[in-house]
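In this text the structure is predicted, and so the values were computed from the model without any measurement. Quick note: numbers below take in every heavy atom, side chains included, and nothing from hydrogens, waters or symmetry partners.
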Number of protein chains: 2
Amino acid sequence: MAEPLTSEPRYGNRPTMKDVAARAGVGLKTVSRVVNGEPGVTSGTERRVREAIDALGFRRNDSARVLRKGRTATIGLVLEDLADPFYGQIGRAVEEVARAHGTLLINGSSARDPEREQELALALCARRVDGLVVIPAGDDHRYLEPEMRAGVATVFADRPAGLIDADTVLSDSFGGARDGVAHLIAHGHRRIGFVGDRPAVHTAAERLRGYRAAMEDAGLPVDERWVAPGSTDPERVTAAVTAMLSGPEPVTALFTGNNRVTVTAVRVLAARTASGGGRAPVAPVALVGFDDVELGDVLGLTVIAQDPAALGRTAAEHLFRRLAGTAEPPRHVVIGTRLLARGSGETPPPSP
Amino acid sequence: MAEPLTSEPRYGNRPTMKDVAARAGVGLKTVSRVVNGEPGVTSGTERRVREAIDALGFRRNDSARVLRKGRTATIGLVLEDLADPFYGQIGRAVEEVARAHGTLLINGSSARDPEREQELALALCARRVDGLVVIPAGDDHRYLEPEMRAGVATVFADRPAGLIDADTVLSDSFGGARDGVAHLIAHGHRRIGFVGDRPAVHTAAERLRGYRAAMEDAGLPVDERWVAPGSTDPERVTAAVTAMLSGPEPVTALFTGNNRVTVTAVRVLAARTASGGGRAPVAPVALVGFDDVELGDVLGLTVIAQDPAALGRTAAEHLFRRLAGTAEPPRHVVIGTRLLARGSGETPPPSP
DNA sequence: TAGGGCCTGGACAACGTTGTCCAGCCGAGG
DNA sequence: CCTCGGCTGGACAACGTTGTCCAGGCCCTA
């Protein structure tokens with residue numbers, strides 16, 4: 001980050017309590033009393049102070065207040081990408097809880113970059129946020145230990161903290177993925193592909209584990225060509241899906257590991273169906289995706305739906321419990337997922 | 001908001017520069033020099049200071065720094081709903097620009113409530129944000145005048161400021177809507193319905209105006225039963241769409257005024273097509289929506305796409321230009337829209 | 001060796017607010 | 001009329017940092 005602070009513009013010379021006091025002809029502390037609604041000011045004096053405030057356009061400087069009081073009434077949220085609806089919903093839920101506690105929210109996107117996550121989290125600590133909700137990008141959060149010891153309440157959401165023991169709120173990635181794949185198996189599929197995020201991402205690894213568990217539970221072998229963890233880059237996903245669908249023994253169903261992968265896979269399948277219209281009809285491929293996506297209902301997309309609002313709300317509520325002074329040991333909450341059967345996951349495999 | 005600040009926990013007694021100085025056996029200002037990378041400290045002294053910093057887990061208190069420096073290196077963003085992908089994208093774009101300027105972003109959702117917008121914006125001003133990007137919920141922003149005079153740079157995005165003259169960055173709602181409706185007319189439609197947001201919302205009014213302009217340009221009459229501005233509540237939208245599609249002379253095409261209305265309309269049309277399968281086939285209804293939606297390409301949805309990232313980026317860049325001291329009169333930027341023809345808008349009307 | 005300049009380090013005030021404490025004033029009771 | 005108590009208002013320090021200014025020591029040169 002560039003050096004951001006220059007010392008010149010002094011807030012454009014905003015009036016201070018001292019200015020208000022001078023104009024109203026009272027003492028500094030009297031103005032403070034009026035502004036904060038403290039008792040001990042006669043109504044006449046209060047009126048004069050209020051007039052001076054309005055005349056000068058005074059607004060209390062919360063920075064100074066915070067410095068004096070020791071609490072900022074601000075919490076920080078480090079998420080992955082504000083523009084991703086999934087994280088947007090988490091952010092919104094955190095915000096609502098914060099608002100209910102009279103607290104502001106500073107947030108920033110890590111853009112999946114561990115270094116940027118750290119830079120952001122520490123910048124928030126330097127602002128002395130009272131607490132922090134972190135959606136990890138990296139897998140080593142020891143850098144936060146000094147801050148947490150110093151009193152910054154911290155809750156990790158969506159993914160676990162790395163190398164430290166801390167409060168976490170997660171979705172049931174393993175169970176959700178296992179249920180989704182089992183659903184496909186129940187509808188007759190035996191060759192099922194898995195396209196997911198990088199295995200370094202905890203949730204991605206868990207979902208892959210769920211996939212393998214479901215296959216194993218059903219006694220089905222897993223051909224490693226069916227398993228494609230990697231980036232969520234559309235090109236990578238397109239290539240992976242295309243590869244699985246070609247060859248002598250293509251998969252008959254796909255399980256996609258998160259919303260971005262699902263969106264790309266849907267595009268690939270849609271294009272395939274459309275282009276196949278001219279020649280031999282393409283066998284439809286079943287699809288179950290982790291995460292719901294907008295209009296998934298209209299598209300008939302079967303998904304394992306997380307509850308991002310619950311994720312954010314739970315994390316924030318736990319944060320405020322910590323801020324209120326709870327000293328219980330770190331808590332690990334898991335939020336269940338729901339399978340929404342809407343068509344794409346119930347397509348049977350083509351008869352051989 | 002509840003009274004948020006209590007004075008007890010004093011940041012959990014974090015070490016200050018004074019503590020570091022004592023431990024390192026140097027003066028306070030020397031620590032400051034090291035922390036800020038200022039010259040004038042021998043390498044030996046610097047090493048001792050750094051050791052003390054690490055040992056104590058010191059982190060500079062930016063609140064105090066800000067108080068001294070007069071600039072917070074923070075900007076505020078008041079938007080409508082963090083969980084709405086459209087605003088999420090704007091937020092993300094603002095964040096990227098802020099980041100490039102070494103600035104943090106505090107944001108909050110107004111939830112379309114003018115009072116909440118004001119409360120939020122003024123809270124941000126009390127935090128002494130250097131600047132403010134506001135996506136208006138209300139239509140009277142005179143409450144911000146004292147703040148702006150006092151030096152808070154302010155840019156309005158997506159909707160214009162109410163009753164004050166200020167920088168704005170808007171999408172071309174009128175032109176976009178006119179183009180969208182003209183597109184439907186060009187494909188043979190004459191009875192076209194408009195379902196939009198409340199007319200008190202500036203963009204909604206503009207889009208309705210665009211609809212009327214396109215109809216008038218084509219010499220087509222507008223039956224007022226085809227025009228349904230109102231809330232974006234799904235039930236309201238469902239009822240409006242259903243009403244337009246029934247009766248002796250139903251509309252053959254729909255223009256929907258924003259992403260939420262579009263999503264609901266798509267659901268209604270999809271349900272209609274599905275249920276009609278058993279009986280007489282339902283005539284397909286053409287649809288053009290304002291705003292793109294995720295997977296709109298797969299659904300074959302013709303839309304007037306805004307560029308939310310450009311909206312946010314432009315607003316933020318202009319904000320930083322103001323912060324750098326530009327004194328030009330308020331600027332009003334309009335960002336163009338693009339018609340994405342993907343199928344739903346090119347369906348011809350049923351032959352009579 | 002003496003003088004001058006530079007380099008290093010520290011004392012002090014200030015940013016705008018709030019908490020503590022005390023002074024002055026008023027009315028009531030002796 | 002005096003005293004005591006309560007109420008109002010203000011002076012002062014402190015929060016943690018940075019900017020200003022100055023003192024002392026060192027090295028270099030004459």
Side-chain angles (χ1 to χ4, degrees), chain A residues 3-22 24-49 52-53 56 58-73 125-128 150, chain B residues 3-22 24-49 52-53 56 58-73 125-128 150:
Chain A
E3 179 56 37
L5 261 48
T6 55
S7 58
E8 298 164 34
R10 190 97 273 141
Y11 306 136
N13 279 326
R14 293 194 74 129
T16 71
M17 284 192 177
K18 202 164 140 191
D19 302 322
V20 174
V26 301
L28 181 54
K29 188 64 221 268
T30 302
V31 177
S32 173
R33 288 211 183 90
V34 171
V35 170
N36 293 295
E38 291 169 22
V41 183
T42 50
S43 64
T45 307
E46 173 170 351
R47 195 173 37 73
R48 273 187 307 154
V49 170
I53 288 176
L56 295 172
F58 167 80
R59 180 168 309 282
R60 182 177 63 196
N61 183 334
D62 275 353
S63 277
R65 177 169 206 239
V66 142
L67 176 61
R68 185 62 231 258
K69 289 231 162 201
R71 280 223 169 184
T72 57
C125 290
R127 293 297 164 97
R128 293 296 186 269
Chain B
E3 179 55 37
L5 261 49
T6 55
S7 58
E8 299 165 32
R10 190 97 272 141
Y11 306 136
N13 279 327
R14 294 193 76 128
T16 71
M17 285 193 179
K18 201 163 140 190
D19 301 323
V20 174
V26 302
L28 180 55
K29 189 63 222 266
T30 302
V31 177
S32 173
R33 287 210 184 89
V34 171
V35 169
N36 293 295
E38 291 169 23
V41 182
T42 51
S43 64
T45 308
E46 173 170 351
R47 196 173 37 72
R48 272 188 305 153
V49 170
I53 287 176
L56 295 172
F58 167 80
R59 180 167 310 281
R60 182 178 63 194
N61 183 334
D62 275 354
S63 277
R65 178 169 205 240
V66 142
L67 176 61
R68 184 63 231 257
K69 289 231 163 200
R71 279 223 171 185
T72 57
C125 290
R127 292 295 163 96
R128 292 297 186 269

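Rounded to whole angstrom, the span from the CZ atom of A/R65 across to the C1' atom of D/dG16 amounts to 18 Å. In this structure, B/K29 atom NZ and D/dT20 atom P are separated by 9 Å, rounded to whole Å. Between the CZ atom of A/R127 and the C1' atom of D/dT17 there is a distance of 14 Å, given to the nearest Å. What separates CE of A/M17 from C1' of D/dC12 is a distance of 16 Å, to the nearest Å. In this structure, CG of A/L28 is placed 18 Å from P of C/dC21, rounded to the nearest angstrom. For A/R71 and C/dT18, the CZ to C1' distance is 17 Å, given to the nearest whole Å. With rounding to whole Å, A/E38 atom CD is found 13 Å from D/dG9 atom C1'. If you take CZ of A/R59 and C1' of C/dT17, they are 16 Å apart, rounded to a whole angstrom.
Within the structure, a side-chain polar atom (N or O) of A/T45 is placed less than 4.0 Å from OP1 or OP2 of D/dG9. Using a 4.0 Å cut-off, no side-chain N or O of B/T30 falls inside it from OP1 or OP2 of C/dG9. Within the structure, every side-chain polar atom (N or O) of A/N61 is placed at least 4.0 Å from both OP1 and OP2 of C/dC15. When the side-chain nitrogen and oxygen atoms of B/R14 are compared with OP1 and OP2 of D/dG16, none of them lie within a distance under 4.0 Å. Of the side-chain N and O atoms in B/R128, none sit less than 4.0 angstrom from OP1 or OP2 of C/dG16.
Comparing B/A64 and B/G27 by the nucleotide of DNA chain C that holds the closest heavy atom to each, the one mapping nearer the 5' end is B/G27. DNA chain C is contacted by both B/P39 and A/N36; B/P39 maps to the nucleotide lying nearer its 5′ end (nearest heavy atom per residue).
For A/T16, the listed nucleotide lying nearest its side chain is C/dG16; candidates were C/dT18, D/dT18, C/dG16. You'll find that the side chain of A/T42 is closest to D/dT8, out of D/dT8, C/dG9, C/dT17. When distances run from any side-chain atom of A/V41 to the nucleotides D/dC15, D/dG9, C/dT17, the shortest one goes to D/dG9. For B/R33, the listed nucleotide lying nearest its side chain is C/dG10; candidates were C/dG16, C/dC21, C/dG10.
Side-chain atoms of B/R68 come within donor-acceptor range of the base of D/dT18, with a qualifying N/O pair under 3.5 Å.
When side chains are defined from C-beta on, A/V31 does not count as touching A/V34, because their heavy atoms never get closer than 4.5 Å.
B/V26 comes within 4.0 angstrom of sugar-phosphate atoms only, judged by non-hydrogen atoms across all strands, and of no base.
Within the 3.5 Å criterion, the main-chain N or O of A/E38 finds no donor-acceptor partner in the side chain of A/N36. Of the possible donor and acceptor atoms, none in the side chain of A/R127 sits under 3.5 Å from a partner among the backbone N and O of B/D62.
Screening B/V41, B/V49, B/V26, B/T45 for a side chain to side chain contact (heavy atoms under 4.5 Å, CB included) involving B/R33 leaves a single residue, B/V41.
Among all heavy-atom pairs drawn from A/A24 and A/A52, the shortest one is CB-CB, 3.9 Å. Shown here for B/R59 and A/R128, the closest heavy-atom pair between the two residues is O-NH2, 2.6 Å.
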